[in-house]
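Remember, predicted model here, so these are calculated numbers, not experimental data.
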Amino acid sequence: MKPSNNIWIQRQQCPCGDWKCYIKYEGDDQTSASSQTVKSETTSSELVFTPYVGQIFKSDDDAFEYYSNFARKNGFSIRKARSTESQHLGIYRRDFVCYRSGFNQPRKKANVEHPRDRKSIRCGCDAKLYLTKEIVDGLAQWYVSQFSNVHNHELLEDDQVRLLPAYRKIQEADQERILLLSKAGFPINRIVKVLELEKGVRPGQLPFIEKDVRNFVRTCKKTVQENDALLTEKRENDTLELLEACKSVAERDPDFAYDYTTDENDKVENIAWLYGDSVRAYALFGDVVTFDTTYRSITYGLLLGVWFGMDNHGRAILYGCVLLQDESSHSFTWALQTFVRFIRGRHPQTIVTDMELALRDAIARELPNTKHVVCIWHILSKLSSWLSFPLGSRYEDFKAQFDLLCHVENVEDFEHQWNLLVARFELVSDKHMALLFSYRGFWSISYIRGSFLARTMTPEFSQSLHAFLKRILSGQTCLQVFFEQIGLAAPAGNQTRDGMRYMHIKTCLPIEEHARSVLTPYAFNVLQHEIVLSLQYAIQEMADGSYLARHFKKMDGECLVIWMPEDEQIHCSCKEFEHSGILCRHSLRLLEVKNYFQLPERYFPPRWRRDQSLFPMDDQNSQSNNDDCAQALHALTETLLTESLTSKERFNHVQREITGLLAEVRSMPVAEELSLNMPGNNVSET
């Protein structure tokens, strides 16, 4: 057995601490190879038809696989029997037979007091498929020369046929997991239980049985000891190579920072690094930091922590990484201390993490003035593993109710709705619901609404982080290659202008036009959405000088807005500006009523301004050029719409042509600059 490749997996241990409780992430395709193989075999078997005489295959292996899939679907397995060989053709005949074909020949009994008398499963079954090779146009092919599907025994049902030895296979990914659990001292029955929990299957539904696991562990026992020594050596070599790579980068980039610790044997234990460009980016956007500890190396037992931020275009910034020996409070404390030292003592305003007790304690000690928030998307990804089995068919209803609960903004309402939810679904004594409630101050919007998060809790941002890590960690590479790959994605200077599209005006309000010249396209798009919705609200002045913002259809609750004209301050009870740095629709409506043509400067935070970008933005001439383009296209589309609505034939033609044109335009490369010679608009309405 060769030493394992460095495989990164999502951490599966549940934060509740119970060894039997493992997380299977919703929507994740990183399940074990065995479960995927079972699914693929099932799918392929549904497409296999009965073999027939004259059927042609490219190779005898293809034929064996086809016949094996057919056999599994029909309740039996097959084995290879006789083969015939010639000097010119090599093997030119293959015989595949039912696993119960033939009879066992009597063997001479061993000279023991109580010999084992095993019953043979062979009963002379005549089901078979014979292949013959022929050469056609210089190429070899195999055809079915004989086929019989007549059995003299009962065929097995689906839940029985999977237990035949031919179909009980432990795939490589499961072998890795079994060996690691065995090394950790898990007995065979507990290893099987852990695998069932990880895969989310019922007891006895694995593609192998406990006996197979026991035989595999026994066979590998000596090899495991040798492999452990190789893995230890490989880990030491990999970490030393990583350390040398860090030293090399530090010599070229004085802003690059790294640090590490060693154990009592002077071996590298923990190592952390931060990129030079990221240090500069942190000075602009270090108000909110996401510390992702989702992945660990299953080979080396190292936990990966990645520090992310969000720039003013809504994109992720990779600050740096840390590899930790374990998940103890001591290790997390070292990681936080090192990160703060790298960023020159500037603590973030908010830090976003997963649920992790040791990490929570470390943050409370090392970052006492930083708001700690648990990402709601990490919680939602665990719900299925926690509650889909106990709730059964009621889980989807529970999930919908829990989603509503996540948006309750008042603390009293949240706790009242929580009590109703756990009572309705009989989850009062559930340990995972109790764990969630104990963390409520870290994830419930009612508790964190006033904390600044810069839109890092949106589904899009969380999905972008997940996709980035999954792409980087999909390869089974050494630590040095991982360091190089993630380093290519880190420099802020590598950011492109993706997503910096033309910002068109929707309301013609002066506030909107002014904001477009100040904010980045990402921030402007968010504010513009609020401006458009603000027009659906009415403002009513109260006796105490405050204002009540109410939707014209009363689709959401009323919000209290306080306006202080002397220093141009505005505060809304929804706390959207405190939460994201973007003014809410309620505050915008009041400013519109107060005849404001521009937002006060204090409501353009530096982190969302165009002039704070890490790379130059398009100048105003480019925006003006885009405006000209937009006006020209708008005039054309208005005329096209008018003409196409005069008949169904015209409309169908226009729709068909525009659909094709749109697909063609989307396939064209995007240029950095938009430079068009605008022709005169000769289109006139008729």
Out of the candidates Tyr395, Phe402, Phe398, only one should pair with Phe425 under the side chain to side chain contact (heavy atoms under 4.5 Å, CB included) rule; please name it.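 Filter result, single survivor: Phe398.
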
Shortest non-hydrogen contact from Val526 to Ile582?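 Heavy atoms of Val526 and Ile582 come nearest at CG1-CG2, 4.0 Å.
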
Determine the minimum heavy-atom distance between Ala549 and Tyr537, stating which atoms define it.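 Closest approach of Ala549 to Tyr537, heavy atoms only: C-CD2, 4.2 Å.
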
State whether a side-chain donor-acceptor pair under 3.5 Å links [X] with [Y].
| X | Y | value |
| --- | --- | --- |
| Ser331 | Asp326 | yes |
| Glu512 | His514 | no |
| Asp292 | Thr294 | yes |

Under a 4.5 Å cut-off applied to non-hydrogen side-chain atoms, are His571 and Phe577 in contact?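 When only atoms from C-beta onward are counted, Phe577 and His571 do not touch, as no gap falls below 4.5 Å.
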
With heavy-atom distances below 4.5 Å as the criterion, would you say the side chains of Leu323 and Leu304 are in contact?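 SC-SC contact between Leu323 and Leu304 confirmed.
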
Taking atom NE2 of His330 and atom CG of Asn270, what is their separation to the nearest 0.5 Å?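 With rounding to 0.5 Å, NE2 (His330) is 7.0 Å from CG (Asn270).
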
Rounded distance [0.5 Å steps], CZ in Phe414 versus CD in Gln417: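 Result: 10.0 Å between the selected atoms.
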
Which one of Thr520, Asn312, Asp287 satisfies the side chain to side chain donor-acceptor pair (under 3.5 Å) criterion with Arg607?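 Among Thr520, Asn312, Asp287, the one meeting side chain to side chain donor-acceptor pair (under 3.5 Å) with Arg607 is Asp287.
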
Criterion salt bridge (Lys or Arg N to Asp or Glu O under 4.0 Å) on Arg449 and Glu576, from CA distance to verdict: CA-CA 8 Å; Arg449 187 61 179 170; Glu576 178 60 34; 2.5 Å; yes

Would Val306 and Phe308 count as a side-chain contact (heavy atoms from CB on, under 4.5 Å) if you check the C-alpha gap in whole Å, the side-chain angles of each, and the deciding distance to 0.1 Å? CA-CA 6 Å; Val306 187; Phe308 288 106; 3.4 Å; yes

Would you say Phe389 has more than 12 foreign heavy atoms packed within less than 6.0 Å of its CZ?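 For Phe389, atom CZ is not crowded (no more than 12 foreign heavy atoms under 6.0 Å).
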
What do you reckon, are the aromatic ring centroids of [X] and [Y] less than 6.0 Å apart?
| X | Y | answer |
| --- | --- | --- |
| Tyr547 | Trp563 | no |
| His579 | Phe452 | no |
| Phe342 | Phe339 | no |

Residues in side chain to side chain contact (heavy atoms under 4.5 Å, CB included) with Lys371, at least two apart?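 By the side chain to side chain contact (heavy atoms under 4.5 Å, CB included) rule, Lys371 matches Thr350, Val373, Ile448, Ser451.
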
Passes side-chain contact (heavy atoms from CB on, under 4.5 Å), Ile343 versus Tyr319? Steps please. CA-CA 10 Å; Ile343 58 178; Tyr319 292 131; over 6 Å; no

Apply the test salt bridge (Lys or Arg N to Asp or Glu O under 4.0 Å) to residues Arg589 and Glu530: give CA-CA distance (whole Å), side-chain angles for both, the deciding distance (0.1 Å), then the verdict. CA-CA 9 Å; Arg589 184 56 181 159; Glu530 296 296 314; over 6 Å; no

Yes or no on side-chain contact (heavy atoms from CB on, under 4.5 Å) for Thr370 and Val289, after CA distance, side-chain angles and deciding distance? CA-CA 10 Å; Thr370 296; Val289 169; over 6 Å; no

Could you go through Ser534 and Glu592, starting from their C-alpha distance and side-chain angles, then the distance that decides it, and tell me whether this counts as side-chain contact (heavy atoms from CB on, under 4.5 Å)? CA-CA 9 Å; Ser534 72; Glu592 293 160 7; 2.9 Å; yes

Check step by step if salt bridge (Lys or Arg N to Asp or Glu O under 4.0 Å) holds for Arg360 and Asp354. CA-CA 9 Å; Arg360 184 184 72 178; Asp354 197 353; over 6 Å; no

